[in-house]
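Worksheet: the structure to be examined is printed underneath.
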Amino acid sequence: TPIARQAYFMGFLDFEATGRDDRPLRRNNVAFMLRMTGQTDLDFVGVNKTPAVPMPAGYLEIGAPVGFRFDQACLSQVDTRRVSILGGNQEYQVSTKFGLSPWENDAIIIDCAGNGRFALISIAAGLYPHRGYIFTIEVTNPEVAPPEMVWTMSYHQYFSRPFASYALWTYTETAILPLVYNAAPSCLYGDCIGAGFGVAVPVTITFRNYMEVKTNSELQITAPLDFGFQPMPDAALMDGDKQTNCILREYMDGKLSSKPWDFTENNINCLIAFRGNPLDGSGTGDQRKIRDPPRYVFN
């Protein structure tokens, strides 16, 4: 009976392959490095210390955290070509840094089968246990990060230690709270409003984004069914589902006691994405989503 052994290295490379997308629910192209053993663990022959024989055909199994998903037929989504993964301009530099060898020509990928968060890759004979190889495979990211974000890999009775996953590009420290905690009318900068059906109530939304948000991106917020964002009092009804200005005040570092940012006419800030009237065909009447294109770079 073969004895399970810990692999020399199995896991992610500190390198983002082409097609990498760590956003929730996006298809992602992730790169793994595979090396079963170090050179000191092998018997070498000849002056050039060439390993005696390559490893026979076998199955490489990848276990992702809960919520990640591989396609059932994933053969076309596995890439072992080092130049296409690393790019021609940095192939030599990255290969030298991590000790990567070209994938052996004989070790073709025979098949790949996905089953939820597990993928099983069939590899023909030809890989050498002491050499480092790189490959990529596509996986669909979960909507939210699971409690345990660790991956596992195994090949020919060599097993990896559980290794940490990449972080999803999502928000942390999120909260949405009413500006005041009572149902009575309240005032904010001279505008007095009260709680009740069809009445606008100010809420405070706080969050911390993981990645830098650049000025060609935008923040979108969608409220639950039957909720709606309040448009500006003088906002005219526009034809179709076109954006309508809404009420938004931005505070930096959560300092609600300070005066909010003053927007100039050149700054497009809060916009209701869908408005109009479904009866006359001018729109869906949906006011549950707002768009906020940032004016600067927030991190």
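Just so it is clear, the values below take in all heavy atoms, side chains as well, and ignore hydrogens, waters and symmetry mates.
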Are any non-hydrogen side-chain atoms of R161 and M10 less than 4.5 angstrom apart?
-> no

Would a distance-only check, ignoring hydrogens and angles, find a side-chain to backbone donor-acceptor pair under 3.5 Å from R35 to H130?
-> yes

Which atom of P65 lies closest to which atom of S165, heavy atoms considered = CG-CB, 4.3 Å

With a 4.5 Å heavy-atom cut-off, do V66 and E148 have their side chains touching?
-> no

When rounded to the nearest 0.5 angstrom, what distance separates OG1 in T80 from CD in E104?
-> 10.5 Å

Contact summary for M36 and Y128, nearest pair of heavy atoms = CE-O, 4.2 Å

Rounding to 0.5 Å, atoms OG1 (T140) and CZ (R26) come to a distance of 11.5 Å

Counting distance only, does the side-chain N/O of S122 pair as donor-acceptor with the main-chain N or O of I110 below 3.5 Å?
-> no

Just how far is it from atom CG of L13 to atom NZ of K97, taken to the nearest 0.5 Å?
-> 9.0 Å

For G114 and C74, work out which heavy atoms get closest and say how close.
-> N-SG, 3.8 Å

Is there a side-chain contact between S76 and E138 (heavy atoms, below 4.5 Å)?
-> no

To the nearest 0.5 Å, how far apart are CG in D22 and CH2 in W169?
-> 6.0 Å

Heavy-atom pair of closest approach, residues P102 and Y133 | O-CE2, 3.5 Å

Under a 4.5 Å cut-off applied to non-hydrogen side-chain atoms, are W103 and L127 in contact?
-> yes

Mutual orientation of the aromatic rings belonging to W151 and Y166 [parallel < 30°, tilted 30-60°, perpendicular > 60°] = tilted

Passes side-chain contact (heavy atoms from CB on, under 4.5 Å), L100 versus L86? Steps please.
-> CA-CA 11 Å; L100 300 176; L86 304 178; 4.2 Å; yes

Hey, quick one: are L120 and I62 part of the same hydrophobic cluster, counting side-chain heavy atoms closer than 4.5 Å, chains of contacts allowed?
-> no

Where is the tightest heavy-atom contact between V78 and F135, given as atom of each residue plus distance?
-> CG1-CD1, 4.5 Å

Measure the spacing between CE of M153 and OH of Y155 and express it to the nearest 0.5 Å.
-> 10.5 Å

State, with a plain yes or no, whether a side-chain heavy atom of F118 is found less than 4.5 Å away from one of E61.
-> yes

Ring centroid separation F12 to F32 under 6.0 Å | yes

State plainly whether one hydrophobic cluster holds both I123 and L75, where clusters connect Ile, Leu, Val, Met, Phe, Trp and Tyr through side-chain heavy atoms under 4.5 angstrom apart.
-> yes

Do the side chain of N28 and the main chain of D21 share a donor and acceptor less than 3.5 angstrom apart?
-> yes

Does any N or O in the side chain of D79 come within less than 3.5 Å of the main-chain N or O of R81, such that one atom is a donor and the other an acceptor?
-> yes

Side-chain touch I109/I121, heavy atoms, less than 4.5 angstrom | yes

For residues N115 and Q72, determine if any side-chain heavy atom of one lies less than 4.5 Å from a side-chain heavy atom of the other.
-> no

Where F98 and M33 come nearest, the two heavy atoms and their spacing | O-CE, 3.4 Å

Quick one: does F70's side chain get under 4.5 Å of C112's, heavy atoms only?
-> no

When rounded to the nearest 0.5 angstrom, what is the spacing between CZ in R69 and CZ in R27?
-> 7.0 Å

